[in-house]
Number of protein chains: 2
Amino acid sequence: MVTKVFIVDDHYMVIEGIRSLLQNEKNIEWAGHASNAASCLAYLHQQQPDVILMDINLPDKSGIDLCKEVKEKYPSVFIIGLSTFNQLSFIQKMIDNGASGYVLKNATQQELMEAIETVATGKTYLSFEVSQTLRNTNNSTVVLTRREKEVLNLIAEGMTNNEIAKKLFISTTTVDTHRKNLLEKLNARNTAALIKLSIAQGHL
Amino acid sequence: MVTKVFIVDDHYMVIEGIRSLLQNEKNIEWAGHASNAASCLAYLHQQQPDVILMDINLPDKSGIDLCKEVKEKYPSVFIIGLSTFNQLSFIQKMIDNGASGYVLKNATQQELMEAIETVATGKTYLSFEVSQTLRNTNNSTVVLTRREKEVLNLIAEGMTNNEIAKKLFISTTTVDTHRKNLLEKLNARNTAALIKLSIAQGHL
DNA sequence: GAACACATCCCTTAAAAACAGGATTTTTAA
DNA sequence: TTAAAAATCCTGTTTTTAAGGGATGTGTTC
(Lines give C-alpha, C1' and ligand atoms only; values in the text may rest on other atoms or scores of the structure.)
Protein backbone atom coordinates (compact mmCIF):
# COMPACT_ATOMS: atom_id res chain seq x y z
CA MET A 1 0.00 0.00 0.00
CA VAL A 2 1.36 3.34 -1.08
CA THR A 3 0.90 6.38 1.14
CA LYS A 4 0.63 9.75 -0.56
CA VAL A 5 2.44 12.40 1.50
CA PHE A 6 2.05 16.17 1.11
CA ILE A 7 4.08 18.80 2.95
CA VAL A 8 3.28 22.33 4.08
CA ASP A 9 6.30 24.24 5.31
CA ASP A 10 7.71 27.64 4.50
CA HIS A 11 11.32 26.48 4.67
CA TYR A 12 12.76 25.15 1.44
CA MET A 13 15.51 23.41 3.32
CA VAL A 14 13.06 21.41 5.37
CA ILE A 15 10.97 20.48 2.33
CA GLU A 16 14.10 19.37 0.51
CA GLY A 17 15.23 17.45 3.55
CA ILE A 18 12.00 15.56 3.92
CA ARG A 19 11.85 14.82 0.21
CA SER A 20 15.38 13.53 0.38
CA LEU A 21 14.56 11.37 3.41
CA LEU A 22 11.49 9.89 1.76
CA GLN A 23 12.55 9.57 -1.86
CA ASN A 24 13.90 6.03 -1.56
CA GLU A 25 10.93 4.69 0.36
CA LYS A 26 8.92 2.42 -1.90
CA ASN A 27 5.58 2.77 -0.15
CA ILE A 28 5.71 6.54 0.00
CA GLU A 29 4.50 8.68 -2.86
CA TRP A 30 5.51 12.31 -2.92
CA ALA A 31 2.28 14.22 -3.49
CA GLY A 32 3.90 17.65 -3.52
CA HIS A 33 4.39 20.60 -1.21
CA ALA A 34 3.10 24.06 -0.35
CA SER A 35 4.88 26.87 1.41
CA ASN A 36 1.79 28.48 2.88
CA ALA A 37 -1.73 27.70 4.04
CA ALA A 38 -3.46 29.20 1.00
CA SER A 39 -1.69 27.07 -1.57
CA CYS A 40 -2.14 24.02 0.63
CA LEU A 41 -5.91 24.55 0.58
CA ALA A 42 -5.81 25.18 -3.16
CA TYR A 43 -4.05 21.86 -3.67
CA LEU A 44 -6.49 19.99 -1.45
CA HIS A 45 -9.34 21.41 -3.49
CA GLN A 46 -7.98 19.42 -6.45
CA GLN A 47 -6.85 16.22 -4.78
CA GLN A 48 -6.22 14.78 -1.35
CA PRO A 49 -3.13 13.03 -0.08
CA ASP A 50 -3.23 10.40 2.67
CA VAL A 51 -0.98 12.25 5.07
CA ILE A 52 -0.01 15.91 5.41
CA LEU A 53 3.15 16.95 7.23
CA MET A 54 2.25 20.40 8.49
CA ASP A 55 4.53 23.04 9.97
CA ILE A 56 3.16 25.02 12.90
CA ASN A 57 4.62 28.33 11.78
CA LEU A 58 3.29 29.35 8.40
CA PRO A 59 3.45 32.84 6.94
CA ASP A 60 -0.25 33.38 6.31
CA LYS A 61 -1.95 31.29 8.98
CA SER A 62 -0.91 29.20 11.96
CA GLY A 63 -0.66 25.48 11.34
CA ILE A 64 -3.03 25.07 14.25
CA ASP A 65 -5.82 26.90 12.44
CA LEU A 66 -5.00 25.27 9.11
CA CYS A 67 -5.17 21.87 10.75
CA LYS A 68 -8.69 22.54 11.96
CA GLU A 69 -9.82 23.83 8.59
CA VAL A 70 -8.37 20.90 6.67
CA LYS A 71 -9.85 18.36 9.07
CA GLU A 72 -13.30 19.94 8.76
CA LYS A 73 -13.24 19.86 4.98
CA TYR A 74 -11.33 16.61 4.45
CA PRO A 75 -11.72 14.36 7.50
CA SER A 76 -10.05 11.44 5.76
CA VAL A 77 -6.71 13.22 5.46
CA PHE A 78 -4.38 12.52 8.37
CA ILE A 79 -2.20 15.32 9.64
CA ILE A 80 1.18 15.23 11.36
CA GLY A 81 2.29 18.42 13.07
CA LEU A 82 5.86 19.46 12.45
CA SER A 83 7.85 21.99 14.37
CA THR A 84 11.14 22.95 15.92
CA PHE A 85 9.71 23.56 19.32
CA ASN A 86 8.78 21.02 21.83
CA GLN A 87 6.11 23.30 23.21
CA LEU A 88 3.19 21.81 25.00
CA SER A 89 0.62 24.39 24.03
CA PHE A 90 1.22 23.84 20.33
CA ILE A 91 1.20 20.09 20.54
CA GLN A 92 -1.97 20.10 22.59
CA LYS A 93 -3.70 22.49 20.20
CA MET A 94 -2.72 20.49 17.14
CA ILE A 95 -4.08 17.31 18.66
CA ASP A 96 -7.24 19.12 19.74
CA ASN A 97 -7.70 20.33 16.18
CA GLY A 98 -7.57 16.86 14.75
CA ALA A 99 -3.90 16.14 14.11
CA SER A 100 -2.94 12.48 14.34
CA GLY A 101 0.67 13.01 15.25
CA TYR A 102 3.42 15.44 16.10
CA VAL A 103 7.07 15.19 15.07
CA LEU A 104 9.98 17.49 15.79
CA LYS A 105 12.23 18.69 13.01
CA ASN A 106 15.21 16.87 14.44
CA ALA A 107 13.45 13.55 13.84
CA THR A 108 15.44 10.79 12.21
CA GLN A 109 14.32 9.05 9.04
CA GLN A 110 13.13 6.09 11.13
CA GLU A 111 10.98 8.30 13.32
CA LEU A 112 9.51 10.08 10.33
CA MET A 113 8.69 6.82 8.55
CA GLU A 114 7.19 5.36 11.70
CA ALA A 115 5.06 8.46 12.16
CA ILE A 116 3.76 8.38 8.59
CA GLU A 117 3.01 4.67 8.66
CA THR A 118 1.29 4.82 12.04
CA VAL A 119 -0.81 7.80 11.13
CA ALA A 120 -1.79 6.42 7.71
CA THR A 121 -3.59 3.56 9.47
CA GLY A 122 -5.61 6.02 11.54
CA LYS A 123 -3.60 5.68 14.73
CA THR A 124 -1.87 8.46 16.61
CA TYR A 125 1.89 8.93 16.64
CA LEU A 126 3.83 11.06 19.09
CA SER A 127 7.60 10.96 19.15
CA PHE A 128 9.23 9.99 22.43
CA GLU A 129 10.28 13.53 23.29
CA VAL A 130 6.84 14.89 22.53
CA SER A 131 4.96 12.39 24.65
CA GLN A 132 7.47 13.10 27.42
CA THR A 133 6.60 16.76 27.22
CA LEU A 134 2.90 16.04 27.34
CA ARG A 135 3.37 13.89 30.41
CA ASN A 136 5.71 16.15 32.33
CA THR A 137 3.74 19.35 32.17
CA ASN A 138 0.56 19.98 34.05
CA ASN A 139 -1.97 20.05 31.24
CA SER A 140 -2.27 23.80 31.47
CA THR A 141 -3.27 25.00 28.05
CA VAL A 142 -5.44 27.81 29.31
CA VAL A 143 -8.33 29.19 27.29
CA LEU A 144 -8.61 32.96 27.33
CA THR A 145 -11.72 34.89 26.37
CA ARG A 146 -11.70 37.49 23.61
CA ARG A 147 -11.69 40.37 26.07
CA GLU A 148 -8.97 38.82 28.19
CA LYS A 149 -6.72 38.48 25.15
CA GLU A 150 -7.33 42.12 24.28
CA VAL A 151 -6.43 43.25 27.77
CA LEU A 152 -3.43 40.94 27.88
CA ASN A 153 -2.07 42.41 24.68
CA LEU A 154 -2.40 45.95 25.96
CA ILE A 155 -0.74 45.03 29.23
CA ALA A 156 2.17 43.60 27.24
CA GLU A 157 2.39 46.90 25.36
CA GLY A 158 3.21 48.53 28.67
CA MET A 159 -0.13 50.24 29.21
CA THR A 160 -1.56 50.81 32.70
CA ASN A 161 -5.05 49.75 33.74
CA ASN A 162 -6.16 53.34 33.38
CA GLU A 163 -4.91 53.64 29.83
CA ILE A 164 -6.37 50.30 28.85
CA ALA A 165 -9.72 51.32 30.32
CA LYS A 166 -9.78 54.49 28.22
CA LYS A 167 -8.73 52.64 25.10
CA LEU A 168 -11.42 49.99 25.47
CA PHE A 169 -14.10 52.37 26.77
CA ILE A 170 -14.59 50.40 29.97
CA SER A 171 -13.99 51.12 33.63
CA THR A 172 -10.59 50.76 35.24
CA THR A 173 -12.07 48.30 37.70
CA THR A 174 -13.18 46.11 34.83
CA VAL A 175 -9.67 46.05 33.45
CA ASP A 176 -8.50 45.16 36.92
CA THR A 177 -10.95 42.26 37.05
CA HIS A 178 -9.75 40.92 33.72
CA ARG A 179 -6.22 41.25 34.99
CA LYS A 180 -7.08 39.35 38.14
CA ASN A 181 -8.63 36.57 36.07
CA LEU A 182 -5.61 36.43 33.78
CA LEU A 183 -3.27 36.04 36.74
CA GLU A 184 -5.43 33.26 38.12
CA LYS A 185 -5.88 31.46 34.81
CA LEU A 186 -2.20 31.44 34.00
CA ASN A 187 -1.27 30.88 37.62
CA ALA A 188 1.05 33.88 37.61
CA ARG A 189 2.17 35.77 40.69
CA ASN A 190 2.42 39.14 39.02
CA THR A 191 2.66 40.98 35.73
CA ALA A 192 6.19 39.84 34.95
CA ALA A 193 5.33 36.16 35.26
CA LEU A 194 2.07 36.75 33.41
CA ILE A 195 3.85 38.11 30.35
CA LYS A 196 6.50 35.42 30.40
CA LEU A 197 3.97 32.61 30.67
CA SER A 198 1.70 34.19 28.07
CA ILE A 199 4.50 34.26 25.54
CA ALA A 200 5.58 30.74 26.43
CA GLN A 201 2.04 29.48 25.92
CA GLY A 202 1.54 31.33 22.67
CA HIS A 203 -0.96 33.91 23.83
CA LEU A 204 1.34 36.74 22.80
CA MET B 1 37.75 26.30 -7.34
CA VAL B 2 35.96 23.89 -5.05
CA THR B 3 34.50 25.13 -1.77
CA LYS B 4 34.36 22.66 1.11
CA VAL B 5 31.15 23.17 3.09
CA PHE B 6 30.47 21.83 6.57
CA ILE B 7 27.15 22.06 8.42
CA VAL B 8 26.27 22.29 12.10
CA ASP B 9 22.58 21.88 12.80
CA ASP B 10 20.63 19.69 15.18
CA HIS B 11 17.81 19.04 12.69
CA TYR B 12 18.30 16.08 10.39
CA MET B 13 15.72 17.44 8.02
CA VAL B 14 17.64 20.65 7.52
CA ILE B 15 20.96 18.85 7.05
CA GLU B 16 19.34 16.56 4.51
CA GLY B 17 17.73 19.52 2.80
CA ILE B 18 20.97 21.42 2.45
CA ARG B 19 22.82 18.35 1.27
CA SER B 20 20.13 17.78 -1.30
CA LEU B 21 20.28 21.40 -2.43
CA LEU B 22 24.07 21.32 -2.80
CA GLN B 23 24.71 17.82 -4.09
CA ASN B 24 24.55 18.73 -7.76
CA GLU B 25 26.73 21.79 -7.46
CA LYS B 26 30.10 21.06 -9.05
CA ASN B 27 32.14 23.58 -7.12
CA ILE B 28 30.80 22.55 -3.74
CA GLU B 29 32.31 19.71 -1.78
CA TRP B 30 30.31 18.26 1.08
CA ALA B 31 32.72 18.20 4.01
CA GLY B 32 30.27 16.64 6.45
CA HIS B 33 28.00 17.68 9.26
CA ALA B 34 27.68 17.83 13.02
CA SER B 35 24.55 18.03 15.13
CA ASN B 36 26.09 19.84 18.06
CA ALA B 37 28.89 22.21 18.95
CA ALA B 38 31.13 19.57 20.52
CA SER B 39 31.32 17.33 17.48
CA CYS B 40 31.78 20.36 15.27
CA LEU B 41 34.87 21.35 17.26
CA ALA B 42 36.09 17.76 17.19
CA TYR B 43 35.82 17.74 13.42
CA LEU B 44 37.63 21.05 13.06
CA HIS B 45 40.46 19.69 15.17
CA GLN B 46 41.10 17.18 12.36
CA GLN B 47 40.48 19.29 9.29
CA GLN B 48 38.99 22.61 8.28
CA PRO B 49 36.37 23.32 5.64
CA ASP B 50 36.19 26.60 3.75
CA VAL B 51 32.71 27.51 4.90
CA ILE B 52 30.58 26.43 7.86
CA LEU B 53 26.80 26.78 7.82
CA MET B 54 25.98 27.17 11.47
CA ASP B 55 22.59 26.98 13.17
CA ILE B 56 21.95 29.47 15.97
CA ASN B 57 20.14 27.01 18.19
CA LEU B 58 22.31 24.07 19.11
CA PRO B 59 21.67 21.65 21.94
CA ASP B 60 24.92 22.10 23.84
CA LYS B 61 25.95 25.67 23.06
CA SER B 62 24.51 28.64 21.23
CA GLY B 63 25.70 29.11 17.67
CA ILE B 64 26.70 32.61 18.71
CA ASP B 65 29.26 31.31 21.20
CA LEU B 66 30.41 28.54 18.89
CA CYS B 67 30.97 31.09 16.13
CA LYS B 68 33.28 33.09 18.36
CA GLU B 69 35.22 30.03 19.44
CA VAL B 70 35.68 28.72 15.92
CA LYS B 71 36.78 32.08 14.61
CA GLU B 72 39.37 32.43 17.38
CA LYS B 73 40.87 29.01 16.69
CA TYR B 74 40.47 28.90 12.91
CA PRO B 75 40.28 32.44 11.53
CA SER B 76 40.48 31.23 7.95
CA VAL B 77 37.15 29.38 8.15
CA PHE B 78 34.20 31.48 7.03
CA ILE B 79 30.93 31.10 8.90
CA ILE B 80 27.37 31.63 7.70
CA GLY B 81 24.71 31.89 10.40
CA LEU B 82 21.57 29.88 9.79
CA SER B 83 18.25 30.23 11.56
CA THR B 84 14.51 30.28 11.31
CA PHE B 85 14.18 33.65 12.95
CA ASN B 86 14.77 36.99 11.44
CA GLN B 87 15.77 38.39 14.80
CA LEU B 88 18.00 41.37 14.89
CA SER B 89 19.80 40.53 18.12
CA PHE B 90 20.95 37.14 16.83
CA ILE B 91 22.09 38.46 13.48
CA GLN B 92 23.98 41.29 15.11
CA LYS B 93 25.67 38.97 17.58
CA MET B 94 26.71 36.49 14.91
CA ILE B 95 28.29 39.23 12.83
CA ASP B 96 29.98 40.66 15.91
CA ASN B 97 31.44 37.24 16.64
CA GLY B 98 32.99 36.95 13.23
CA ALA B 99 30.33 35.42 11.00
CA SER B 100 30.57 36.42 7.34
CA GLY B 101 26.93 35.94 6.52
CA TYR B 102 23.46 35.12 7.72
CA VAL B 103 20.83 33.13 5.87
CA LEU B 104 17.30 32.20 6.88
CA LYS B 105 16.11 28.62 6.62
CA ASN B 106 13.54 29.53 4.01
CA ALA B 107 16.34 30.52 1.64
CA THR B 108 16.18 29.22 -1.91
CA GLN B 109 18.94 27.24 -3.54
CA GLN B 110 20.05 30.37 -5.40
CA GLU B 111 20.33 32.36 -2.20
CA LEU B 112 22.23 29.61 -0.47
CA MET B 113 24.69 29.23 -3.35
CA GLU B 114 25.17 32.97 -3.57
CA ALA B 115 25.84 33.13 0.15
CA ILE B 116 28.44 30.35 0.04
CA GLU B 117 30.22 31.75 -2.98
CA THR B 118 30.28 35.29 -1.63
CA VAL B 119 31.51 34.24 1.76
CA ALA B 120 34.17 31.88 0.37
CA THR B 121 35.91 34.89 -1.20
CA GLY B 122 36.04 36.67 2.15
CA LYS B 123 33.14 39.01 1.54
CA THR B 124 30.00 39.32 3.65
CA TYR B 125 26.62 38.02 2.56
CA LEU B 126 23.28 38.98 4.07
CA SER B 127 20.06 37.88 2.46
CA PHE B 128 17.64 40.60 1.42
CA GLU B 129 15.28 40.01 4.32
CA VAL B 130 18.11 40.01 6.82
CA SER B 131 19.66 43.25 5.63
CA GLN B 132 16.16 44.75 5.65
CA THR B 133 15.83 43.80 9.28
CA LEU B 134 19.19 45.30 10.12
CA ARG B 135 18.21 48.52 8.39
CA ASN B 136 14.69 48.88 9.71
CA THR B 137 15.36 48.49 13.38
CA ASN B 138 17.05 51.14 15.45
CA ASN B 139 20.29 49.34 16.21
CA SER B 140 19.03 48.61 19.67
CA THR B 141 20.83 45.46 20.61
CA VAL B 142 21.20 46.47 24.20
CA VAL B 143 24.08 45.14 26.23
CA LEU B 144 23.10 44.04 29.73
CA THR B 145 25.57 43.51 32.53
CA ARG B 146 25.88 40.18 34.30
CA ARG B 147 24.02 41.44 37.34
CA GLU B 148 21.29 43.02 35.26
CA LYS B 149 20.72 39.73 33.48
CA GLU B 150 20.48 37.94 36.80
CA VAL B 151 17.95 40.42 38.12
CA LEU B 152 16.01 40.35 34.87
CA ASN B 153 15.71 36.59 35.03
CA LEU B 154 14.41 36.68 38.58
CA ILE B 155 11.92 39.42 37.69
CA ALA B 156 10.65 37.22 34.88
CA GLU B 157 10.23 34.38 37.37
CA GLY B 158 7.68 36.54 39.13
CA MET B 159 9.84 37.49 42.13
CA THR B 160 9.49 40.84 43.87
CA ASN B 161 12.39 43.20 44.52
CA ASN B 162 12.42 42.05 48.11
CA GLU B 163 12.70 38.39 47.21
CA ILE B 164 15.36 39.08 44.61
CA ALA B 165 17.34 41.08 47.15
CA LYS B 166 17.31 38.19 49.62
CA LYS B 167 18.24 35.69 46.95
CA LEU B 168 21.21 37.73 45.71
CA PHE B 169 22.27 38.95 49.18
CA ILE B 170 21.94 42.60 48.22
CA SER B 171 19.69 45.45 49.32
CA THR B 172 16.20 45.93 47.94
CA THR B 173 17.18 49.39 46.80
CA THR B 174 19.97 47.92 44.73
CA VAL B 175 17.55 45.61 43.00
CA ASP B 176 15.38 48.65 42.40
CA THR B 177 18.30 50.47 40.81
CA HIS B 178 19.07 47.54 38.49
CA ARG B 179 15.41 47.50 37.59
CA LYS B 180 15.49 51.21 36.83
CA ASN B 181 18.50 50.71 34.58
CA LEU B 182 16.87 47.78 32.81
CA LEU B 183 13.78 49.84 32.09
CA GLU B 184 15.92 52.63 30.71
CA LYS B 185 18.23 50.41 28.68
CA LEU B 186 15.37 48.54 27.02
CA ASN B 187 13.28 51.69 26.81
CA ALA B 188 10.36 50.00 28.57
CA ARG B 189 7.62 51.82 30.45
CA ASN B 190 7.07 49.13 33.05
CA THR B 191 7.62 45.50 33.94
CA ALA B 192 5.20 44.15 31.36
CA ALA B 193 6.94 45.89 28.48
CA LEU B 194 10.33 45.00 29.94
CA ILE B 195 9.60 41.28 29.88
CA LYS B 196 8.11 41.41 26.41
CA LEU B 197 11.04 43.32 24.95
CA SER B 198 13.56 41.16 26.78
CA ILE B 199 12.14 38.02 25.26
CA ALA B 200 11.91 39.62 21.83
CA GLN B 201 15.56 40.65 22.01
CA GLY B 202 16.75 37.30 23.26
CA HIS B 203 17.67 38.27 26.81
CA LEU B 204 15.25 35.72 28.23
C1' DG C 1 -36.21 28.45 33.46
C1' DA C 2 -32.03 27.27 35.82
C1' DA C 3 -27.14 27.04 35.31
C1' DC C 4 -23.25 28.85 33.31
C1' DA C 5 -19.85 31.78 31.10
C1' DC C 6 -18.75 36.36 30.03
C1' DA C 7 -18.26 41.07 30.56
C1' DT C 8 -19.20 44.73 33.18
C1' DC C 9 -18.84 47.57 37.56
C1' DC C 10 -17.77 48.83 42.62
C1' DC C 11 -15.03 49.08 47.40
C1' DT C 12 -10.95 48.64 50.49
C1' DT C 13 -6.26 47.99 51.90
C1' DA C 14 -1.60 46.77 51.54
C1' DA C 15 2.15 45.82 48.73
C1' DA C 16 4.88 46.71 44.91
C1' DA C 17 6.75 49.29 41.29
C1' DA C 18 7.92 53.67 39.02
C1' DC C 19 9.97 58.15 39.41
C1' DA C 20 13.37 61.53 41.13
C1' DG C 21 17.64 62.52 42.79
C1' DG C 22 21.39 61.41 44.94
C1' DA C 23 26.12 58.74 46.82
C1' DT C 24 29.94 55.21 47.49
C1' DT C 25 32.93 51.42 46.38
C1' DT C 26 34.75 48.01 43.40
C1' DT C 27 36.09 46.38 38.74
C1' DT C 28 37.49 46.82 34.32
C1' DA C 29 39.74 48.60 30.52
C1' DA C 30 42.20 52.24 27.96
C1' DT D 1 47.18 55.14 36.65
C1' DT D 2 43.29 57.01 35.78
C1' DA D 3 38.82 57.26 33.90
C1' DA D 4 34.78 54.80 32.95
C1' DA D 5 31.62 51.26 33.99
C1' DA D 6 29.39 48.40 37.17
C1' DA D 7 27.49 47.33 41.47
C1' DT D 8 26.18 48.79 45.62
C1' DC D 9 23.21 51.65 48.88
C1' DC D 10 20.15 55.62 50.43
C1' DT D 11 15.64 58.87 51.12
C1' DG D 12 11.64 60.26 49.52
C1' DT D 13 6.91 60.58 46.70
C1' DT D 14 3.45 59.03 43.52
C1' DT D 15 1.33 55.70 40.81
C1' DT D 16 -0.01 51.14 39.91
C1' DT D 17 -1.02 46.40 41.18
C1' DA D 18 -2.54 42.59 43.96
C1' DA D 19 -5.85 40.43 46.83
C1' DG D 20 -9.94 40.29 49.22
C1' DG D 21 -14.64 40.85 49.04
C1' DG D 22 -19.10 41.51 46.06
C1' DA D 23 -22.82 42.73 42.39
C1' DT D 24 -25.41 43.15 37.88
C1' DG D 25 -26.89 42.32 33.07
C1' DT D 26 -26.67 39.42 28.94
C1' DG D 27 -26.46 35.93 26.48
C1' DT D 28 -26.12 30.52 25.71
C1' DT D 29 -27.09 25.95 26.64
C1' DC D 30 -29.13 22.09 28.70
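We use all heavy atoms of the structure for the numbers below, so side chains are in, but hydrogens, waters and symmetry mates are not. Naming convention: chains lettered A, B, ... in sequence-line order (proteins, then strands); numbering from 1 in each chain.
Residue T160(A) is in sugar-phosphate contact alone, with no base atom involved, counting any heavy-atom pair closer than 4.0 Å across all strands shown. N190(A) comes within 4.0 angstrom of sugar-phosphate atoms only, judged by non-hydrogen atoms across all strands, and of no base. Nucleic acid contact for T191(A): sugar-phosphate only, since backbone atoms but no base atoms lie under 4.0 Å from a heavy atom of the residue. Residue T173(B) is in base contact, counting any heavy-atom pair closer than 4.0 Å across all strands shown.
When rounded to the nearest whole Å, the span between CE of M159(B) and C1' of dA18(D) equals 18 Å. The nearest whole Å value for the distance from the CD1 atom in I170(B) to the P atom in dC9(D) is 6 Å. Distance NZ (K180(B)) to P (dG21(C)): 10 Å, rounded to an integer number of Å. The CG atom of L182(A) sits 15 Å away from the C1' atom of dA19(D) (whole-angstrom rounding). As rounded to whole Å, 14 Å separates atom P of dA16(C) from atom CD1 of I155(B). Distance K185(B) NZ to dA7(D) C1': 11 Å, rounded to the nearest Å. If you measure from atom CG of N162(B) to atom P of dA15(C), you get 11 Å, rounded to the nearest angstrom. Atom CG in N181(A) sits about 12 Å away from atom P in dA18(D), given to the nearest Å.
When all heavy atoms of D10(B) and N106(A) are compared, the closest pair comes out as O-CB, 3.0 Å.
Taking every side-chain heavy atom of L183(B) into account, dC19(C) is the closest of dC19(C), dC9(D), dA18(D). Residue R146(B) has its side chain nearest to dA7(D) when only dA7(C), dC19(C), dA7(D) are considered. Checking dA7(C), dA18(C), dC9(D) against the side-chain heavy atoms of R179(B) singles out dA18(C) as nearest. Listed nucleotides dT8(C), dT17(D), dA18(D) differ in distance to N161(A); the shortest reach to its side chain belongs to dT17(D).
Look at H178(A) and you'll find a side-chain N or O under 4.0 angstrom from OP1 or OP2 of dT8(C). Between R189(B) and the phosphate of dA18(C), there is no side-chain N or O to OP1/OP2 separation shorter than 4.0 Å. Contact check, S171(B) against dC10(D): a side-chain N or O comes under 4.0 Å of OP1 or OP2.
Taking a cutoff of 4.0 Å between a charged side-chain nitrogen and a carboxylate oxygen, E16(A) and R19(B) do not qualify as a salt bridge. Using a cutoff of 4.0 Å between basic side-chain nitrogens and carboxylate oxygens, K123(A) and E117(A) are not scored as salt-bridged.
When Watson-Crick and G-U wobble pairs are counted only if both distances are under 3.5 Å, dA30(C) pairs with dT1(D).
Using modelled atom types, one side-chain atom of E111(B) and one backbone atom of T108(B) make a donor-acceptor pair closer than 3.5 Å.
Atom OH of residue Y74(B) and atom NE2 of residue H45(B) lie 6.5 Å apart, to the nearest 0.5 angstrom.
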